[in-house]
Amino acid sequence: MTRIYFDNASTSPIDQRVLDRMTELMAVQYGNPSSIHHHGRISRSLVEESRRKIATILGASIGEIFFTSSATEANNMILKNAVRHLGVSHIITSPTEHPCVLNSVSYLKEEQGIQVSILAVDQYGNPDLDQLNSLLQNRSSNCLVSIMHGNNEIGTVSDIKTIGELCAAHGALFHCDTVQSLGKVSVNVNETYFSFLCGSAHKFHGPKGVGFFYMNMDNIIPPYIHGGAQERNMRAGTENLYGIVGMADALEISVNEMAQHKEHLLRLRSHFKSRLSNELEGIEYNGNQEDAFLYHILSVSFPATDKADMLMFNLDISGISASSGSACSSGIEADSHVLVATGKSGSRKTIRFSLSKYNTLAEVDEVVDKLKTMTPVRS
Ligand code: PLP
């Protein structure tokens, strides 16, 4: 059975060009970037070349890009250090953020006693910007706003330009989790006011276990991991050389080929939606559908039936890897926090299908054909 992979928002297959470059380097380039001899200097130049590539894509300065092991680490580092060292005592966020943001914010509330405001979101997951404006106007302390760019479960894209403007106008820091949008949507620090943003290589056909963050020069924070002087003292530990090179190449490829893949993915998504809506009973979509959405994500709610709970399992045994719109903890499936926040929780079954440049129209057809044997069809 040839399997179909529709879980690219979770992680994406590595681009062959990235893999080739990384494996070539692994074979020959083993110098430690911190060593001052010949081998070390070549590795250092590869790390710095990668930093330059990422900075150029984002319109940032080279000194504003820092490498990490993941976006989870980057988000933890930014939020915790903003409280510890930038005097932030109030965080405004949204209920649909990734758990690495929400759990860091909860930790900071419980352990450091910071004030936390959670914005209301509409049924599509768009945060209430009037509420944000009024919270910023009435703030009594140093404030950080943490709102993601593109939502990983339902694909809604936030109006980060306006959010950035509000933050700038009120002197608040703006942290934006750009993990799902990088390589899909243009992100430039000269066009939107950001204090911090972050990325994760495996979401844009790069390797797993490497990420980065952008930190505006005005907000330099002290180290979070102590040790050597790597990453200009910000994040000690021998650099993940191959991962860093792979990440920069993968981001460059994604950005250079963005227009072509966007067109392909929009075609797949629209064909997928039209077949689902026309051929299956009671289909609903989650997240923005008309304008600001991530075109690789389609979150679909299926009607509650006897077999609905088995939908993920049945897709898997039919050769289709997708993701459930629920969180599984201790064997008990709970509604996802994103669906709960958007008022979409309940007995319906939600599946997130997330596509990549490697998927085809024929695969979309096969998935719909198989779904027709698992959930009610339209008469
Ligand atoms: N933020 C968002 C929006 C994500 O989708 C993810 C991964 O799913 C993360 C952060 C965490 O990324 P990483 O896998 O690099 O820890």
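As the structure lists them, so they are numbered: ligands from 1, and atoms in each ligand from 1.
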Within a strict 4.5 Å, meaning less than it, do heavy atoms of the Leu46 and Gln29 side chains meet? yes
Side chain to side chain, Glu231 and Arg51, heavy atoms closer than 4.5 Å: yes
Polar-atom distance check: Val179 versus ligand 1, any N or O pair below 3.5 Å? no
Tell me whether the rings of Tyr214 and Phe194 are parallel (<30°), tilted (30 to 60°) or perpendicular (>60°). perpendicular
Derivation of the side-chain contact (heavy atoms from CB on, under 4.5 Å) call for Leu361 and His271: CA-CA 8 Å; Leu361 219 47; His271 180 70; 3.7 Å; yes
Quick one: nearest non-hydrogen protein atom to atom 4 (C) of ligand 1, plus distance? His98 CD2, 3.3 Å
Distance to 0.1 Å, residue and atom name: give those for the protein heavy atom nearest to atom 12 (O) of ligand 1. Ala71 CB, 3.5 Å
Which bit of Glu73 is near ligand 1, meaning a heavy atom under 4.0 Å away: side chain, backbone, both or neither? neither
Look up atom CD1 in Ile221 and atom NZ in Lys80, then write down how far apart they are to the nearest 0.5 Å. 12.0 Å
Here's one to test your reading of the geometry: is the NZ or CZ of Arg269 within 45 degrees of the ring axis of Phe293 and under 6.0 Å from its centre? yes
For Asp177, the ligand 1 atoms with a heavy-atom partner under 4.0 Å come out as 1 (N), 2 (C), 3 (C), 10 (C)
One finds that the ligand 1 atoms under 4.0 Å from a non-hydrogen atom of Met148 are 3 (C)
Closest protein heavy atom to atom 7 (C) of ligand 1, given as residue, atom name and distance to 0.1 Å: Lys203 NZ, 2.8 Å
Evaluate whether atom OH of Tyr5 has more than 12 neighbouring non-hydrogen atoms of other residues, nucleotides or ligands under 6.0 angstrom away. yes
Geometry only, no angles: is Ser10 polar-contacting ligand 1 at N/O separations under 3.5 Å? no
Could you tell me whether Lys184 sits above the aromatic face of Tyr295, with NZ or CZ closer than 6.0 angstrom to the six-membered ring centre and within 45 degrees of the axis? no
Would Glu97 count as a contact of ligand 1 if the rule is a heavy atom under 4.0 Å away? no
Among Gln180, His202, His149, which one puts a heavy atom closest to atom 5 (O) of ligand 1? Gln180
Where is the nearest protein heavy atom to atom 15 (O) of ligand 1: which residue, which atom, and how far? Ser200 OG, 2.5 Å
Among non-hydrogen protein atoms, atom 16 (O) of ligand 1 lies closest to Thr72 OG1, 2.5 Å
